[in-house]
Amino acid sequence: MNQTHFLNAKLADGTIVDLIVASGRFNAIAPAANAATPPAGAVDLAGRLVLPAFVEGHIHLDTSFYGDAWRPHIPCTDGFDVRERVAFQMRNLERAAPMAERAKNQLELCVGNGSLAMRSHVMVDAAVGMKHVETILGVREKYRDLIDIQLVAFPQSGILSSPGTAELLDEALKLGCDLIGGLDPASFDRDVKGHLDVVFGLAEKHGAGVDIHLHDGGTLGLFEIEELVARTTALSMQGKVAVSHAYALGDISADALAKAGERIAAAGVSFMTNAPGNHPFPPVAALRRAGVTVFAGSDNIRDSWWPYGDGDMLNRANMIGYRSGFYEDWELEAAYDLVSRAGAKALGLEGYGIAVGAKADFVALKAEHVPEAVVAVPKERTVYRAGREVARDGKVSG
């Protein structure tokens, strides 16, 4: 059996160990031997902090302009409006570089920063048909040895308000998408029941998970979340449903949040946040105390929604911690959890972590411990996939 020895690795608890990788998984983890003669081919990590590869829980590979010509941001005419932003996006995409090229740029950005698992939403509607899905499926296949990618068939223009989209979503799942998405059933399609009938009907038909965009705020957004929770419970889909954004949870009373948190946790529905700069977002600490899985994603990277995004989930943990008022070490560790263990749980990843039998997908970086890594966001890092170096200092190797 071919083995690779990684010497003098620092675990999150401060222990210095040697890691042995065989067949792409951790075969042994033992106290550092400091042998006079290291095993042939051994990699000395010299006390660098070793963390499981990050989880990019929400991104849009098909609509990023990263690596393309700069697209100046176009503001909405009267406050944030999803329909208007979608219109801007369609206009910009007409002039964009080829989708496969832009997706490649964004993928390599994320891998270079240490993400080796990802969930990407891919646009499906009457205007673009299956073009986006077919292209991103091809990109996924090309990069399958570098990163694990889940794809969500995403009705960016609604379902009921975009005739033919339900059939296209069905086809996207047949072609290889892993999850069915949705978009603001109340404010966009103006029919919560009808919208969710399609989403959960397709999920049942294909045995797929659900990850739905929900921007609606206040009691309207809370009502939609309650409906999602009820559907999840009724269909025994605990652990297979996620809500992205869920701005409503950030602008309701503490009492309402506490009640919602109990129901959400019982239903096993996960919530994704990217801690957007100009919106309320789910209170991470309160939801975690209630037992809710909260995970993180970059969402849009330099696209029609905003010009920001760097594909670095460690920096995203920093951002979430900053906006959440996390200062103590245990709070900084919670911020990191959103981009690692919680993300892996929400995505249902197998073999995640630094443990015997787990996949040897990890990042080695210069930091004393997790809290310092979240605060300092060291850019000098090496990324390993199945025990093989795939990126160094932000660049994909080779």
Side-chain angles (χ1 to χ4, degrees), residues 2-12 18-27 29 41-46 48-57 59 61 64 66-67 100-120 136-151 297-298 301 309-317 336 339-341 343-344 347 349-355 357-367 373 377-398:
N2 290 328
Q3 295 183 334
T4 303
H5 293 250
F6 293 89
L7 310 179
N8 303 308
K10 180 184 288 184
L11 300 183
D18 293 340
L19 306 169
I20 300 176
V21 175
S23 302
R25 293 180 181 262
F26 292 114
N27 189 51
I29 300 175
V43 178
D44 188 358
L45 296 178
R48 287 178 174 81
L49 181 64
V50 170
L51 301 173
F54 309 131
V55 179
E56 169 58 81
I59 204 166
L61 287 173
S64 169
Y66 180 78
E101 177 183 324
R102 292 183 286 106
K104 167 187 173 293
N105 292 339
Q106 192 171 198
L107 265 182
E108 295 193 0
L109 174 71
C110 295
V111 171
N113 282 310
S115 290
L116 296 182
M118 169 185 290
R119 177 176 289 178
S120 175
I136 301 303
L137 281 169
V139 173
R140 177 171 74 174
E141 179 61 25
K142 181 178 179 181
Y143 281 84
R144 63 194 302 266
D145 293 332
L146 195 62
I147 182 171
D148 296 318
I149 304 174
Q150 297 178 1
L151 298 181
S298 296
I301 294 180
D310 62 1
D312 186 348
M313 292 309 292
L314 193 56
N315 192 42
R316 185 63 53 178
Y336 161 73
V339 307
S340 56
R341 185 201 61 83
L347 270 61
L349 302 183
E350 180 272 328
Y352 183 84
I354 309 296
K359 293 180 179 179
D361 294 352
F362 63 96
V363 181
L365 47 81
K366 287 188 175 181
V377 193
K379 290 297 185 182
E380 188 177 325
R381 57 186 88 159
T382 309
V383 185
Y384 296 90
R385 167 81 159 173
R388 177 178 62 88
E389 180 183 321
V390 294
R392 181 180 289 269
D393 300 340
K395 301 293 184 182
V396 173
S397 303

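Computed from a prediction, not measured in an experiment: that's the story for all the values here.
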Answer yes or no: is there a side-chain heavy-atom contact under 4.5 Å between [X] and [Y]?
| X | Y | answer |
| --- | --- | --- |
| Glu350 | Lys359 | yes |
| Met313 | Met118 | no |
| Leu349 | Gln150 | yes |
| Cys110 | Phe54 | no |
| Val50 | Val363 | no |

* Quick one: do Glu141 and Arg144 make a salt bridge, cutoff under 4.0 Å? ->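 Between Arg144 and Glu141 there is a salt bridge, with a charged N closer than 4.0 Å to a carboxylate O.
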
* Salt-bridge criterion met for Arg388 and Asp145 (N-O under 4.0 Å) ->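 No salt bridge links Arg388 with Asp145.
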
Atom [atom1] of [X] and atom [atom2] of [Y]: how far apart are they, to the nearest 0.5 Å?
| X | Y | atom1 | atom2 | value |
| --- | --- | --- | --- | --- |
| Tyr336 | Leu51 | OH | CG | 4.0 Å |
| Lys366 | Arg381 | NZ | CZ | 13.5 Å |
| Ile20 | Asn27 | CD1 | CG | 6.5 Å |
| Tyr143 | Ile149 | OH | CD1 | 9.5 Å |

Which atom names give the shortest non-hydrogen contact between [X] and [Y], and what distance separates them?
| X | Y | result |
| --- | --- | --- |
| Ser298 | Gly311 | OG-CA, 4.0 Å |
| Leu347 | Arg119 | CA-NH2, 3.7 Å |
| Ala9 | Leu19 | CB-CD1, 4.0 Å |
| Ala373 | Leu365 | CB-CD1, 4.2 Å |
| Arg25 | Gly357 | NH1-O, 2.9 Å |
| Arg385 | Asp148 | NH2-OD1, 3.0 Å |

Taking only residues two or more places apart in sequence, or in another chain, which ones meet [X] in a side chain to side chain contact (heavy atoms under 4.5 Å, CB included)?
| X | result |
| --- | --- |
| Lys142 | none |
| Ser120 | Ile59, Leu61, Val122, Leu151 |
| Ala42 | His5, Leu7, Pro38, Pro39 |

* To do: Indicate the ring-plane relationship of Phe6 and Tyr384, choosing parallel, tilted or perpendicular according to the 30° and 60° boundaries.
  =>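 Perpendicular: the ring planes of Phe6 and Tyr384 meet at over 60°.
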
* Asked: Where do Asn113 and Asn315 land on the side chain to side chain contact (heavy atoms under 4.5 Å, CB included) test, with the steps shown first?
  -> CA-CA 10 Å; Asn113 282 310; Asn315 192 42; over 6 Å; no

* Where do Arg48 and Asn8 land on the side chain to side chain contact (heavy atoms under 4.5 Å, CB included) test, with the steps shown first? -> CA-CA 8 Å; Arg48 287 178 174 81; Asn8 303 308; over 6 Å; no

* **Exercise: do Thr382 and Glu389 side chains pair donor with acceptor under 3.5 Å** =>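 Note: Thr382 and Glu389 side chains miss the donor-acceptor criterion.
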
* To do: Give a yes or no answer on whether the side chain of Tyr352 reaches the backbone of Ala53 with a donor-acceptor pair at less than 3.5 Å.
  =>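 Here the side-chain-to-backbone pair exists.
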
